[in-house]
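Sequential numbering from 1 along the given sequence is applied to the chain's residues.
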Amino acid sequence: MQPITARVDRQIKSLFDLSFWSSIAVIVLIAVSNFVNYYRVSAQKDPLVKGASPNLVLVVSILLILWFVYGCVGNVLDKRRLLRAFITLRDDGVSGHAIANPTLRDEGEAFSLAYDQIISVDAIALAITKKHSAPALRLKTTDREYIVPAIENISDIIKRISEKIPQNVE
């Protein structure tokens, strides 16, 4: 059997990219609106935000920009960490990189299992961000479990592993 490798699904990657670029767009929008506000005030026109001094608007805007920058950095780090997850199916077993809880900034761990060590395989819903979850592959052994989040073709991977693991006959 040719080794089969499954990595993080493209839709999950797109979710992180969309979140990153929307934050960048908001940062640019805040910066442009502050520039326009200061230009209007210096030209003796009405400011964009009435009821607050331009300095207060600037301070609040800087705090918002810092918040969005923090979110962007966290987003990039979370995506980089999640992209480490993968699973490879071979004739003798499976190997890969498991991340049990991506939202806790867990770096995960590499694993390698023979098919006879696996007692069950299934899909679970796993939080990949504070607001989003994705299907994750769960491999159970007698003493622990390995969770590989958001991989592509998860149902096919589960089917292939299920065909190879010894069935419990009682």
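- D122 meets the side-chain hydrogen bond (donor to acceptor under 3.5 Å, both in side chains) test with R138; sequence neighbours excluded.
- The side-chain hydrogen bond (donor to acceptor under 3.5 Å, both in side chains) search around T88 returns T5, not counting sequence neighbours.
- Within the structure, no pair that satisfies the salt bridge (Lys or Arg N to Asp or Glu O under 4.0 Å) test touches residues 126-137, not counting sequence neighbours.
- The two residues H97 and V148 have their closest heavy-atom pair at O-CG1, 3.9 Å.
- Rounded to the nearest 0.5 Å, atoms CG (L64) and CD1 (I30) are 4.5 Å apart.
- Side-chain contact between Y38 and L58: present, with at least one pair of heavy atoms (C-beta onward) separated by less than 4.5 Å.
- Taking CG of L29 as the reference point, atom OG of S22 lies at 12.0 Å (rounded to 0.5 Å).
- Residue pairs meeting the salt bridge (Lys or Arg N to Asp or Glu O under 4.0 Å) criterion with at least one partner in residues 34-47, sequence neighbours excluded, are D46-K50.
- The hydrophobic clustering, which links ILVMFWY residues whose side-chain heavy atoms are closer than 4.5 Å, places I151 and F86 apart.
- Closest of all the heavy-atom pairs between N75 and S19 is ND2-OG, 2.9 Å.
- The stretch residues 71-87 participates, sequence neighbours left out, in these salt bridge (Lys or Arg N to Asp or Glu O under 4.0 Å) pairs: D17-K79, D78-R81, D78-R105, R81-E107, R84-E107.
- Atom OG of S95 is separated from atom CD1 of I87 by 7.5 Å, given to the nearest 0.5 angstrom.
- Nearest heavy-atom pair across A127 and P102 is O-CD, 3.7 Å.
- Atoms CD and CD1, on E145 and I119 in that order, are 9.5 Å from each other to the nearest 0.5 Å.
- Residues L66 and I24 are members of separate hydrophobic clusters, defined by side-chain heavy-atom contacts under 4.5 angstrom among Ile, Leu, Val, Met, Phe, Trp and Tyr.
- T141 is linked by a side-chain hydrogen bond (donor to acceptor under 3.5 Å, both in side chains) to D143, counting only residues two or more places apart in sequence or in another chain.
- Atoms CG and CD1, from L137 and I157 in turn, are 7.5 Å apart once rounded to the nearest 0.5 Å.
- Not a single salt bridge (charged side-chain N to carboxylate O under 4.0 Å, His left out) links D116 to another residue, sequence neighbours left out.
- Nearest approach of P166 to Y115, heavy atoms of both residues: CD-O, 3.4 Å.
- Annotation: the span from H132 atom NE2 to F16 atom CZ amounts to 9.0 Å, rounded to 0.5 Å.
- Cluster partners of I124 are L126, I147, counting Ile, Leu, Val, Met, Phe, Trp and Tyr whose side-chain heavy atoms approach within less than 4.5 Å, directly or via other members.
- Note on I65 and V60: same hydrophobic cluster, where clusters join Ile, Leu, Val, Met, Phe, Trp and Tyr whose side-chain heavy atoms are under 4.5 Å apart, directly or indirectly.
- In the hydrophobic clustering of this structure, I118 groups with F111; members are Ile, Leu, Val, Met, Phe, Trp, Tyr whose side-chain heavy atoms approach within less than 4.5 Å, directly or through other members.
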Test side chain to side chain contact (heavy atoms under 4.5 Å, CB included) applied to E109 and Y146, step by step: CA-CA 9 Å; E109 64 179 313; Y146 299 92; 4.2 Å; yes
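- Every residue two or more places apart in sequence or in another chain that forms a side-chain hydrogen bond (donor to acceptor under 3.5 Å, both in side chains) with T103 is listed here: N101.
- In the hydrophobic clustering of ILVMFWY residues, with side-chain heavy atoms under 4.5 Å counting as a link, V41 and V57 come out apart.
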Side-chain donor-acceptor contacts of residues 6-15 below 3.5 Å, not counting sequence neighbours, with atom names and distances?
residue : atom : partner : partner atom : Å
D9      : OD2  : Q11     : N            : 3.2
S14     : OG   : R10     : O            : 3.0

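- Applying the salt bridge (charged side-chain N to carboxylate O under 4.0 Å, His left out) rule to E152 yields no partners; only residues at least two apart in sequence or on another chain are considered.
- Listed by first and then second residue, the side chain to side chain donor-acceptor pair (under 3.5 Å) pairs involving residues 56-70 are N34-S61 (not counting sequence neighbours).
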